[in-house]
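Single-structure report; data block below.
For ligands, and for the atoms within them, numbers begin at 1 and follow the listed sequence.
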Amino acid sequence: MSSYITEGFFKLQQYQFQIHLGGIIDLLSHHLYSGPHVFIRELMQNGVDAIQARKQIEEEHQGRMDIQVVDARDDLPPTLVFEDNGIGLTEEEVHRFLATIGESSKRNELAVRRGDFIGQFGIGLLSCFMVADEILMITRSAREAGHPAVEWRGKSDGTYEVRLMETDVSPGTRVYLRARKGMEAYFTKDQVGKLVRHFGDLLSTPIYLSHGDWTERINDRRPPWERVYVSSEEERRSYLEYGNDLFGQHFIDYIPLRSEAGGVVGAAYVLSQATSPKVKSHHRVYLKGMLLSDQVENLLPDWAVFVRCVVNAEHLRPVASREGFYENEELEATRTVLGETLRAYLIRLAERAPHRLQDIIQLHHMAICSLAAHDEECFRVFGDFITFETTMGRMTLGDCRKRYDTIRYASSVDEFRQIAQVAASQNLCILNAGYVYNRELLSMLEQVEPDLQVEQVDAANLTHHLEDLTLEEREKAFLLLRTADLTLQPYRTASDIKKFEPTTLPTIYTSNEQANFARQARLTKELADDTWGGILNAFENEYASSQYAQLCFNFKNRLIQRLMKIQDRTVLKRVVEMLYVQALLMGHHPLSDKEMALLNQGLLQMIDAVLGQEGDFE
Ligand SMILES: Nc1ncnc2c1ncn2[C@@H]1O[C@H](COP(=O)(O)OP(=O)(O)OP(=O)(O)O)[C@@H](O)[C@H]1O
């Protein structure tokens, strides 16, 4: 019997997990953190947290961090020293917190509930191994007065040494890092200064950077929402200057942000350059004063494409990489509050400075329309402010809704052009929904306002709104209409006569979608080969019987009045043909070969007639 089996069971053996530090460092550097430079953030953050912990036992404690850059000399590589006067560690804590990966002193229940600390995962210090082979920490606890200072030396091979020190040092912690070969670029004064400023410019704990005899406080500028102002102009200037410096671009306006959810405070800046519907805004977000990322996307609702924010959050939860926030209820509540703040700003602007609002919408028109067309919330925010070309001039959708019970629209730009003149003179407001997103916006309008009538109008049903002739007047037009019907029959166009404004317009050519389709099929057939010609024939025949376009004469027009007096059918026919071609051109309809021939003949005959008259004078 095997020695592993005792009383019918396999003997249970217990083992300890082993950690391969090299593998963990590789994971951090290549898959979690965005680059080796984050070690500076992690060290600053540990200093700030340690100061915060010390303040919990000594309320009046004045925290301070010092970062020193020591250049390479003799055989020694450049070195960085990070010093804080925070809580420090005892020997027992050093073993527990520094030497155990994933262990953190900041994860006790009270600290988490109160959200005291930035760190929480117990891995940040390992990021130092991305740039150095060894971390040397000298620390002394402020909690236990008699406890000696401790020296801890952690190595990237996974071993560490601890030594109690005899020298007297004040409570706090000092971390020494020597650049690994190839990592010297992260240890220069300029690079360290840039990164410390980048990550820590909002920290309230003073941070000093020194290099040789030179020392400078890095974070002495407070953000605009923490300053006190004597006038609103001064406040405005301060906010805009700050945004300009931070993002290196000019902004039209700013919106102060504050949300209890997430403990967020900051500002949204209104972009002065057009945004693409596909590009989301990237926001600069700090967590307890430490920069989390300047690429955060999920802080605001998707529709807030016209702003870029800078905010500090006290209670949102960072992901382990510290470069974004967890999608949780608190973040959602924060997003709702910030969205409402932006919406309130837009509404205020609509009341007090509608032109400024129009400027914003105009600038970000495509992005706003694309979102409003598919997102009900966005439509509710912006819908009323979106402008449409209408037969009564440019108008916002809000104005259209206020003035008319029915919103009428033409579905293509050409259709709109055909009817614009006539509709305007009839005081009919028709929206041009021929541009991208316009139809979707109107569908969204119907969805959001089910009581509102939204109706598509085409040139054909527009003529129903035109004034009819009396019987007597119809008689006068009889010959013209009969000749026109016969003349235009080959072009599948019927004729009619109505009274309409403007009187300068002799005709309108109207057709609906099916008639247009049949017409398009005829035009294509002229260019297509036999196989396609056969298919298109079938289409054309199907539509031909029912779908006629219409040339509607204007009884009020002087030329038409004269035409009704002409009895010579040949002359009538020619003029009708010319009016037909002219109406097509006015409506931007491409001409078929036959119609082009009509135009040419007509022009030549007119030239001939004019020359003939001149000849008569000779
Ligand atoms: N400057 C310091 N002063 C006092 N304690 C420190 C200092 N730096 C590190 N520590 C201790 O070492 C522990 C581990 O630090 P580390 O940076 O790895 O993780 P963390 O800060 O707890 O969490 P995170 O991984 O989220 O940064 C800390 O929880 C803290 O107890």
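- By the 30° and 60° cut-offs, the orientation of the rings of Phe247 relative to Tyr269 is perpendicular.
- Considering only non-hydrogen protein atoms, atom 22 (O) of ligand 1 sits nearest to Ser104 OG, 2.6 Å.
- Residue Asp49 places no N or O, backbone or side chain, under 3.5 Å from any N or O of ligand 1.
- If you number the atoms of ligand 1 from 1 as listed, the ones under 4.0 Å from a heavy atom of Ser105 come out as 28 (C), 29 (O), 30 (C), 31 (O).
- For ligand 1, the atoms lying closer than 4.0 Å to a non-hydrogen atom of Gln45 are 27 (O).
- The protein atom (non-hydrogen) at minimum distance from atom 18 (O) of ligand 1 is Leu125 N, 2.9 Å.
- By the 30° and 60° cut-offs, the orientation of the rings of Trp303 relative to Phe382 is perpendicular.
- Inspection of the Thr188 and Asp190 side chains reveals no N or O donor paired with an N or O acceptor under 3.5 Å.
- Residue-level proximity to ligand 1 for Thr173 is carried by the side chain, the only part with a heavy atom below 4.0 angstrom.
- Each of the atoms 27 (O) of ligand 1 lies under 4.0 Å from some heavy atom of Glu42.
- Put simply, the side chain of Phe379 does not reach to within 4.5 Å of the side chain of His374, judged on heavy atoms.
- Using a 3.5 Å distance cut-off with no hydrogens or angles, the side chains of Arg227 and Ser238 do pair a donor with an acceptor.
- Under the ring-ring contact (aromatic ring centres under 6.0 Å, His included) criterion, Tyr239 pairs with Tyr254, not counting sequence neighbours.
- A side chain to side chain contact (heavy atoms under 4.5 Å, CB included) with Leu300 is found for one member of Leu342, Thr334, Val311 and no other, namely Leu342.
- With a 4.0 Å heavy-atom cut-off, ligand 1 is reached by the side chain of Ala50 but not by its N, CA, C or O.
- For Ala261 against Ala333, the heavy-atom pair with the smallest separation is CB-CB, 3.9 Å.
- Within the 4.0 Å heavy-atom criterion, the part of Asp84 lying near ligand 1 is the side chain and not the backbone.
- Contact annotation: for Glu93 versus ligand 1, there are no heavy atoms closer than 4.0 Å.
- The part of Leu89 lying near ligand 1 is the side chain, judged by heavy-atom distances below 4.0 Å.
- Residue contacts with ligand 1 for Leu43 are absent, since no atom lies close enough (heavy atoms, distance under 4.0 Å).
- Looking from atom 14 (C) of ligand 1 to the surrounding protein, the closest heavy atom is Phe97 O, 3.8 Å.
- Paired with Asp133 under the rule salt bridge (charged side-chain N to carboxylate O under 4.0 Å, His left out), one option of Arg180, Arg178, Lys181 passes, and it is Arg180.
- Nearest protein neighbour of atom 19 (O) of ligand 1, counting heavy atoms only, is Gly122 CA, 3.2 Å.
- Nearest protein neighbour of atom 7 (C) of ligand 1, counting heavy atoms only, is Asn46 CB, 4.0 Å.
- Partners of Phe82 according to the ring-ring contact (aromatic ring centres under 6.0 Å, His included) rule, which considers only residues two or more places apart in sequence or in another chain, do not exist here.
- Shown in contact with Leu98 at under 4.0 Å from a heavy atom are these atoms of ligand 1, numbered in order with element: 11 (C), 12 (O).
- Set against the non-hydrogen atoms of Gly124, the atoms of ligand 1 under 4.0 Å away are 16 (P), 17 (O), 18 (O), 19 (O), 24 (P), 25 (O), 27 (O).
- Interface of Ile123 with ligand 1, defined as ligand atoms under 4.0 Å from a residue heavy atom, comprises 18 (O), 19 (O), 25 (O).
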